K.L.:
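Once you've had a glance at the structure underneath, I'll fire off some questions.
These figures come from a predicted structure and were not determined experimentally. Lettering follows sequence order; numbering is per chain, from 1. The basis for the numbers below is simple: all heavy atoms, side chains too, and nothing from hydrogens, waters or symmetry mates.
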There are 2 protein chains.
Amino acid sequence: MKLRHPHATEDCRAVSEILQRIGDKWSLLVVRRLGQGPMRFNELRAAVGGISQKMLTTTLRTLERDGFVTRTVYPTTPPRVDYELTDLGRELEIPVKELAEWAITNMGRINEARRRFDSSMAA
Amino acid sequence: MKLRHPHATEDCRAVSEILQRIGDKWSLLVVRRLGQGPMRFNELRAAVGGISQKMLTTTLRTLERDGFVTRTVYPTTPPRVDYELTDLGRELEIPVKELAEWAITNMGRINEARRRFDSSMAA
DNA sequence: AACCGTGGTATCTGATTGAAACCAACACTA
DNA sequence: TAGTGTTGGTTTCAATCAGATACCACGGTT
């Protein structure tokens with residue numbers, strides 16, 4: 001039993017962790033929107049669509065913590081908070097876009113596989 | 001406000017869904033292992049390490065449903081079940097590997113950002 | 001009959017999600 | 001000057017989901 005990649009497990013865990021991080025329900029949607037330029041909170045909320053206030057806050061906080069977005073508060077009234085992608089966030093988009101393209105071109109195959117599987121289960 | 005990518009939202013949801021699918025705790029670990037060749041259930045369980053029986057079953061079922069792995073039962077006694085990557089599964093590895101490399105090379109930056117964020121919160 | 005190895009299921013608990021209500025600060029209006 | 005609205009956020013709570021633990025079915029061995 002040869003292991004060609006001695007660190008495969010750790011690396012794989014790292015990747016798995018990252019995927020879990022950005023693979024939640026909203027992170028990518030938010031990142032994609034911010035990829036088109038900085039946005040304020042409610043603007044982003046409307047653009048993403050269907051996200052609750054709390055989840056947007058949570059998502060943005062986590063993205064900020066991981067260094068993917070910056071949060072800038074302008075102490076005006078009413079308050080104004082701008083969110084913007086960092087360099088890291090913009091760099092992340094590159095491999096994500098690759099995967100995105102794969103996902104889009106292969107979604108049909110996946111859905112077909114699912115249909116096949118589900119109908120063979122029903123039998 | 002120009003939208004250069006009219007279908008960005010749907011596409012993004014597709015990607016987000018895929019990431020959620022393969023971004024769970026075990027899918028990638030399993031796919032990686034199977035990338036080295038077909039394996040039986042308990043063999044895979046030992047190779048992945050730390051995964052419960054139920055989670056391996058669940059993970060494999062979902063991967064099978066999505067058309068990433070095949071499940072072959074040999075009705076011997078004791079039963080023997082082989083799992084193997086499909087073409088789709090092997091193709092998936094390509095963009096995932098890209099993201100994997102990004103994740104590995106940038107993990108340091110992410111962790112650093114987290115440390116910074118956490119310590120600035122503690123203040 | 002007791003036991004082991006195979007792969008799989010049922011149960012139960014803690015985390016996550018998300019909807020709805022509430023909060024703080026300030027400006028504008030009546 | 002009390003009331004109302006805007007903006008970004010937190011709190012609360014019900015529902016859902018992930019995952020660990022314990023158990024099950026089957027047949028061969030002893």
K.L.:
Do B/Asp82 and B/Tyr74 come close enough that some side-chain heavy atom pair is under 4.5 Å?
P.N.:
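Yes, close enough: below the 4.5 Å cut-off.
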K.L.:
Whole Å only: how far is the CE atom of A/Met55 from the P atom of D/dT10?
P.N.:
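The distance from CE of A/Met55 to P of D/dT10 comes to 13 Å, rounded to the nearest Å.
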K.L.:
In whole angstrom, give the distance that lies between atom CD of B/Glu43 and atom C1' of C/dG7.
P.N.:
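To the nearest whole Å, that distance equals 14 Å.
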K.L.:
Between C1' on D/dG19 and CG on B/Leu29, what's the gap in Å once rounded to a whole number?
P.N.:
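Answer to the nearest Å: 15 Å.
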K.L.:
Categorize A/Arg45 for me: base, sugar-phosphate, or nothing, with a 4.0 angstrom heavy-atom threshold over every strand shown.
P.N.:
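Nothing, no heavy atom under 4.0 Å.
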K.L.:
Using OP1 and OP2 only, check whether a side-chain N or O of A/Asn42 sits under 4.0 Å from D/dT7.
P.N.:
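A/Asn42 to D/dT7 OP1/OP2: no side-chain N or O under 4.0 Å.
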K.L.:
Taking OP1 and OP2 of D/dT7, is either one under 4.0 Å from a side-chain nitrogen or oxygen of A/Arg40?
P.N.:
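The answer is no; no side-chain N or O of A/Arg40 sits under 4.0 Å from OP1 or OP2.
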K.L.:
Taking the minimum atom-to-atom distance to the side chain of B/Ser52, which one of D/dA20, C/dG7, D/dT10 wins?
P.N.:
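Shortest atom-to-atom distance from the side chain points to D/dA20.
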K.L.:
Decide whether B/Arg21 and B/Thr62 meet the rule of one side-chain donor and one side-chain acceptor closer than 3.5 Å.
P.N.:
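Their side chains do not contain a donor-acceptor pair, so the 3.5 Å distance test is not met.
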K.L.:
Write down the distance between CG (B/Asp82) and C1' (C/dG7), rounded to a whole number of angstrom.
P.N.:
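Nearest whole value for this atom pair: 12 Å.
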K.L.:
Heavy atoms under 4.0 Å, any strand shown: does B/Asp24 hit a base, just sugar-phosphate, or nothing?
P.N.:
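No contact.
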K.L.:
For B/Tyr83, answer base if it contacts any base atom (sugar-phosphate contacts may also be present), sugar-phosphate if it contacts only those atoms, and nothing otherwise; contact means non-hydrogen atoms under 4.0 Å.
P.N.:
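Sugar-phosphate only.
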K.L.:
Looking for any heavy atom pair under 4.0 Å, which part of the strands does B/Thr77 touch: base, sugar-phosphate only, or nothing?
P.N.:
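Answer is sugar-phosphate: B/Thr77 comes under 4.0 Å of backbone atoms only.
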K.L.:
Toward the 5' end of DNA chain D, which comes first, A/Arg71 or B/Pro79, by nearest nucleotide?
P.N.:
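Of the two residues, A/Arg71 wins.
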K.L.:
From the set C/dG7, D/dG19, D/dG9, return the single nucleotide nearest to any side-chain atom of A/Thr57.
P.N.:
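Ranking C/dG7, D/dG19, D/dG9 by closest atom to the A/Thr57 side chain puts D/dG9 first.
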K.L.:
Rounded off to whole Å, could you give me the NZ-to-P distance for the A/Lys54 and C/dG18 pair?
P.N.:
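After rounding, the reported distance stands at 9 Å.
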K.L.:
Any side-chain N or O of B/Arg61 under 4.0 Å from OP1/OP2 of C/dT9?
P.N.:
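Answer is yes, contact under 4.0 Å.
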K.L.:
Tell me the interatomic distance from A/Glu64, atom CD, to D/dG8, atom P, rounded to whole angstroms.
P.N.:
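Answer to the nearest Å: 15 Å.
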K.L.:
Can you measure A/Leu60 atom CG to D/dT10 atom P for me and round it to whole angstrom units?
P.N.:
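Checked: the CG to P distance equals 11 Å.
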K.L.:
A/Trp26 CH2 to C/dA19 C1': how many Å, rounded?
P.N.:
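Going from CH2 in A/Trp26 over to C1' in C/dA19 covers 13 Å.
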K.L.:
Would you classify B/Pro78 as touching base, sugar-phosphate or nothing, given that sugar-phosphate means primed atoms plus P, OP1 and OP2, and contacts are heavy atoms under 4.0 Å?
P.N.:
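The answer is sugar-phosphate, as B/Pro78 gets under 4.0 Å only of primed atoms, P, OP1 or OP2.
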